[in-house]
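Step one of this worksheet: look at the structure below.
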Amino acid sequence: MRAELPLTERHAVVTGASRGIGAAIAARLARLGAHTTLMGRDAQALEREAARSPNAQAIICDVTDRAQVDRAFAEARARAPISILINNAGVAESAPFLRTTDEFLNRLMDVNVTSAFRCTRAALPSMIELGWGRVVNISSIAGLHGAAYITAYCATKHALVGFTRALAAETARQGITVNAVCPGYVDTELVHKAVGAIVAKTGLGADKVVGEMVRHNPQGRLIRPEEVADTVGWLCGPDAGSVTGETIAISGGGTI
């Protein structure tokens with residue numbers, strides 16, 4: 001493989017790839033030479049993102065639906081063995097603890113954790129057969145510490161970190177690495193929707209709301225999706241072969 005295209009002949013599947021962090025990661029892996037399969041629920045957005053990169057395809061998949069996951073990954077494997085999996089699909093919702101119902105918790109758990117189990121079970125056999133693989137789970141800085149009003153979200157993201165560490169230990173001798181990336185607040189459509197909801201609810205200005213979001217970030221800013229994508233790209237490359245079971249915070253120093 002050419003040094004400037006270290007992922008040539010690798011096949012990467014990215015979930016939640018229609019926008020934001022997932023789209024940025026898919027584009028980055030494509031620039032590194034990978035064949036990419038973008039998965040998500042928004043057909044139009046997926047096709048738009050896939051069209052931006054050579055050797056990219058879009059497959060509709062709701063990761064909370066086991067039958068859809070099985071179908072989508074079978075279609076992806078028919079293209080080429082899967083050697084890279086980015087478990088990016090996720091949802092962020094908040095509620096005071098006493099209003100956090102079982103249904104609320106289970107919904108977040110299904111998207112943020114169970115889907116990673118489903119997708120990894122579908123992709124891992126190809127990696128074992130190849131003797132090479134990369135699994136990167138997009139967790140959150142909320143997977144490293146707690147915060148008020150997001151008990152369910154924190155629980156799911158902590159669970160994803162635990163899943164990462166355990167699977168890394170299990171696959172360490174098979175040429176497969178498993179890592180988690182834990183961003184702080186990222187400049188995405190999802191975050192801007194959250195800002196708008198807070199503004200509508202509280203009457204605070206958008207700048208003040210964003211300022212509160214980033215107050216634990218010593219750099220005092222939102223993270224760019226491309227910054228997350230660059231880290232994921234490195235983890236998927238040959239230079240990170242000895243990095244496994246790690247959680248890498250991308251938070252402008254938010255874990256200091």
Side-chain angles (χ1 to χ4, degrees), residues 11-30 34-53 56-73 75-76 82 84-93 107-123 134-143 152-153 156-157 159-161 163-164 178-194 222-233 235-236 248 250:
H11 179 197
V13 172
V14 184
T15 68
S18 62
R19 55 181 53 83
I21 293 173
I25 290 171
R28 179 59 177 155
L29 296 179
H35 298 269
T36 55
T37 295
L38 286 65
M39 292 188 183
R41 296 179 299 174
D42 187 332
Q44 185 175 5
L46 276 179
E47 292 290 353
R48 181 181 64 245
E49 292 301 328
R52 298 179 190 276
S53 301
Q57 68 172 350
I59 298 178
I60 303 302
C61 180
D62 180 346
V63 294
T64 67
D65 184 321
R66 179 176 176 180
Q68 287 196 39
V69 169
D70 290 344
R71 173 195 54 76
F73 275 82
E75 184 177 342
I82 299 167
I84 297 169
L85 171 64
I86 313 300
N87 285 311
N88 171 71
V91 62
E93 297 181 29
R107 183 172 68 253
L108 267 62
M109 188 66 71
D110 199 14
V111 180
N112 293 350
V113 183
T114 308
S115 73
F117 277 76
R118 290 189 187 103
C119 295
T120 306
R121 280 199 306 261
R134 300 286 189 265
V135 178
V136 181
N137 299 314
I138 307 303
S139 180
S140 164
I141 197 169
Y153 181 70
T156 65
K157 292 303 187 178
L160 193 57
V161 168
F163 166 69
T164 298
V178 186
N179 293 286
V181 170
C182 299
Y185 284 104
V186 181
D187 190 2
T188 63
E189 179 182 334
L190 182 66
V191 166
H192 287 289
K193 283 184 177 179
L222 296 172
I223 309 302
R224 293 182 294 107
E226 292 76 17
E227 293 176 298
V228 181
D230 286 346
T231 300
V232 172
L235 285 171
C236 292
I248 300 177
I250 306 175

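It should be emphasised that the depicted structure is a prediction, and the values quoted were computed from it without experimental measurement.
- Of all the heavy atoms in Met39 and Ala72, the pair that sits closest is CE-O, 3.6 Å.
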Full working for side-chain contact (heavy atoms from CB on, under 4.5 Å) between Val135 and Asn87: CA-CA 8 Å; Val135 178; Asn87 285 311; 4.0 Å; yes

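- From Glu227, atom CD reaches atom CG of Leu222 across 10.5 Å, with rounding to the nearest 0.5 Å.
- Looking at residues two or more places apart in sequence or on another chain, you find a side-chain contact (heavy atoms from CB on, under 4.5 Å) between Asp230 and Arg28.
- With sequence neighbours left out, the side chain to side chain donor-acceptor pair (under 3.5 Å) criterion links Arg52 to Glu49.
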Name each donor-acceptor pair under 3.5 Å that joins a side chain in residues 110-119 to protein atoms two or more places apart or in another chain, with its distance.
unit_1	atom_1	unit_2	atom_2	d
Asp110	OD1	Arg118	NH1	3.0
Asp110	OD1	Arg118	NH2	3.0
Asn112	OD1	Val91	N	2.8
Asn112	ND2	Val91	O	3.0
Asn112	ND2	Thr156	OG1	3.1
Ser115	OG	Val111	O	2.5
Arg118	NH1	Val63	O	3.0

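- In this structure, Lys157 and Ile141 have side chains that are not in contact, with every pair of non-hydrogen atoms separated by 4.5 Å or more.
- Taking the side chain as every heavy atom from C-beta outward, His192 and Asp187 approach each other to under 4.5 Å.
- Taking OG of Ser18 as the start and CD of Gln44 as the end, the distance is 11.0 Å to the nearest 0.5 Å.
- The CD1 atom of Ile223 sits 8.0 Å away from atom CD1 of Ile250, with the distance rounded to the nearest 0.5 Å.
- Taking 4.5 Å as the limit, some side-chain heavy atom of His11 sits within range of a side-chain heavy atom of Thr37.
- Residues forming a side chain to side chain donor-acceptor pair (under 3.5 Å) with Glu47 (at least two apart in sequence, or on another chain): none.
- The OG atom of Ser139 sits 5.0 Å away from the CG atom of Leu160 when rounded to the nearest 0.5 Å.
- Between Leu235 and Ile248 there is a side-chain heavy-atom pair separated by less than 4.5 Å.
- No more than 12 heavy atoms of other residues, nucleotides or ligands lie within 6.0 Å of OH in Tyr185, so this atom counts as exposed by the packing criterion.
- Within the 4.5 Å cutoff, the side chain of Val181 has heavy atoms near those of the Val228 side chain.
- The structure places OG of Ser140 at 3.5 Å from OH of Tyr153, a figure rounded to the nearest 0.5 Å.
- In this structure, Ser53 has no side chain to side chain donor-acceptor pair (under 3.5 Å) partners at least two apart in sequence or on a different chain.
- In this structure, the separation between CD on Gln68 and CZ on Arg41 is 9.5 Å, given to the nearest 0.5 Å.
- For Arg107, the side chain to side chain donor-acceptor pair (under 3.5 Å) partners two or more places apart in sequence, or in a different chain, are Glu93.
- The side-chain heavy atoms of Ile59 and Leu38, taken from C-beta on, include no pair separated by under 4.5 Å.
- Side chain to side chain, Asn137 and Thr164 meet the donor-acceptor criterion of an N or O pair below 3.5 Å.
- Two residues are said to be in side-chain contact when any heavy atoms from C-beta on lie closer than 4.5 Å; Val232 and Ile86 meet this criterion.
- At least one side-chain heavy atom of Leu46 sits under 4.5 Å from a side-chain heavy atom of Ile60.
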